[in-house]
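Note sheet for the following structure.
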Amino acid sequence: MHPSLVRSHVVQSVADLRARLEDDGDHGVTEVRLDAESLKLDITFDHDEHETELVAARSTLLLPDGSPLTRPQRIPIIGRSRIRRLVLHLELDSYDLLPPIATLRRESGDPLPAEEWPTSFAGGGIVNDHPIYHRPFFCRRGLREYHSHEQHEDDSWAAWRDALPLHVVVVELLTDLRVRWHGAA
């Protein structure tokens, strides 16, 4: 596809995203900034992070010796949270022939170090190391990291691209960052 057509499509997709974010203002978004030349999108938002503690959670399952199985689990520390301003950075260079690349950054624009990425109390959704990108990533359909991962070779972007426009992918990510991935690392 010609670069001017890609640019035009990205600009329209970001306009649709802005409209969706205005309709549903619960995401803590403070700014949506598109660099139309490089096709990079930065969405600045306030992330409510709960301090967590790693505890050994007991299971009802028993080990062969009769002792209960335990596994490490993160739990929130009640009353200890903070708001941190983060940037959801998306690279849309070949959108929507290819899905966007998504990373988290500090407000300064620096990449968010792996140890500072949010966590889920139940686990899942954010994986520590992508075999190609070598950084944490959101493991979800509609993102290049997901569709390029060896475990998802059979789940191609082409099968999903019509059902997952940019505004759907971004709003779902922001929703998960608000309600699912709210533990501080």
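Position 1 is the first residue of the sequence; numbering continues from there.
Looking at Asp176 and Arg140, a side-chain N of the basic residue comes within less than 4.0 Å of a carboxylate O on the acidic one, giving a salt bridge. By the 4.0 Å N-to-carboxylate-O rule, Arg135 lies close enough to Glu145 to be salt-bridged with it. Taking the charged nitrogens against the carboxylate oxygens, Arg161 and Asp96 do have a contact shorter than 4.0 Å, which makes a salt bridge. No salt bridge links Arg84 with Glu107; every basic N to acidic carboxylate O contact stays at or beyond 4.0 Å. The pair Asp110-Arg105 does not meet the salt-bridge criterion, since no charged nitrogen lies less than 4.0 angstrom from a carboxylate oxygen.
Inter-residue side-chain proximity for Thr44 and Arg85 is flagged as met; some heavy-atom pair is nearer than 4.5 Å. Contact check for Pro136 versus Val127: no side-chain heavy atoms found under the 4.5 Å cut-off. Counting only heavy atoms from C-beta outward, the side chains of Ile101 and Tyr133 approach each other to under 4.5 Å. Two residues are said to be in side-chain contact when any heavy atoms from C-beta on lie closer than 4.5 Å; Glu172 and Val168 meet this criterion. Contact annotation: the side chain of Cys139 never approaches that of His149 to less than 4.5 Å [non-hydrogen atoms, C-beta and beyond]. Between Leu62 and Leu69 there is no side-chain heavy-atom pair separated by less than 4.5 Å. With contacts defined as side-chain heavy-atom distances shorter than 4.5 Å, the pair Arg106/Pro111 does not qualify. Under the 4.5 Å side-chain criterion, counting only non-hydrogen atoms from C-beta, Leu174 is in contact with Leu21.
Evaluation of the side-chain contact (heavy atoms from CB on, under 4.5 Å) rule for Pro99 yields Arg144, His147, Trp157 as partners, not counting sequence neighbours. Residues meeting the side-chain hydrogen bond (donor to acceptor under 3.5 Å, both in side chains) test with Arg7, sequence neighbours left out: none.
Expressed to the nearest 0.5 Å, how far OG of Ser148 lies from NE2 of His130 amounts to 3.5 Å. Atom CG of Leu90 and atom CG of Leu143 lie 7.0 Å apart (nearest 0.5 Å). The distance from the OG1 atom of Thr70 to the CG atom of Leu61 is 11.0 Å, given to the nearest 0.5 Å. Taken to the nearest 0.5 Å, the OG atom of Ser156 stands 11.5 Å off from the CD atom of Glu153.
Val179 and Leu177 are assigned to two separate hydrophobic clusters, defined by single-linkage of ILVMFWY side chains at heavy-atom distances under 4.5 Å. Taking hydrophobic clusters as Ile, Leu, Val, Met, Phe, Trp and Tyr residues chained together by side-chain heavy-atom distances below 4.5 Å, Tyr146 does not share a cluster with Leu164. Follow the hydrophobic side-chain contacts under 4.5 Å out from Leu98 and you never reach Leu41; the two are in separate clusters. Cluster membership for Leu104 and Val171, using ILVMFWY side-chain heavy atoms within less than 4.5 angstrom, is shared. In terms of hydrophobic clustering, with Ile, Leu, Val, Met, Phe, Trp and Tyr side chains grouped at heavy-atom distances under 4.5 Å, Leu112 and Val87 are assigned to different clusters.
For the side-chain contact (heavy atoms from CB on, under 4.5 Å) test with Leu34, the passing option among Ile43, Leu17, Val14 is Val14; the others fail.
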- Using the side-chain contact (heavy atoms from CB on, under 4.5 Å) rule, take Thr30 and Asp46 through it: C-alpha gap first, then chi angles, then the decisive distance, then the call. CA-CA 7 Å; Thr30 60; Asp46 290 332; 3.9 Å; yes

- Message: side-chain contact (heavy atoms from CB on, under 4.5 Å) for Thr103 and Leu88? Distances and angles first, verdict last.
- Response: CA-CA 6 Å; Thr103 61; Leu88 176 60; over 6 Å; no

- Task: Dump the intermediate steps for ring pair (Phe, Tyr, Trp, His ring centres under 6.0 Å) on His27 and Phe45, then the final yes or no.
- Result: CA-CA 7 Å; His27 299 289; Phe45 65 99; 9.5 Å; no

- Item | Stepwise side-chain contact (heavy atoms from CB on, under 4.5 Å) check, Leu5 with Ser8 | CA-CA 5 Å; Leu5 294 175; Ser8 173; 5.5 Å; no

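Smallest separation of non-hydrogen atoms from Leu39 and Val6: CD1-CG1, 3.7 Å. The heavy-atom pair separating Ile132 from His134 by the smallest distance is O-CD2, 3.1 Å. In terms of heavy atoms, Ile126 sits closest to Pro118 at CD1-O, 3.6 Å. In plain terms, the two heavy atoms of Tyr95 and Ser13 that are nearest each other are CE2-OG, 3.7 Å.
Not one N or O on the side chain of His47 forms a donor-acceptor pair closer than 3.5 Å with the backbone of Ile83. With hydrogens and angles disregarded, no donor-acceptor distance shorter than 3.5 Å links the side chain of Ser67 to the backbone of Leu63.
Checking His89 against Asp42 by side-chain atom types alone, a donor-acceptor pair falls below 3.5 Å.
A 6.0 Å sphere centred on CZ of Arg58 holds no more than 12 heavy atoms belonging to other residues, nucleotides or ligands.
The ring of Trp117 has its center closer than 6.0 angstrom to the ring center of Phe138.
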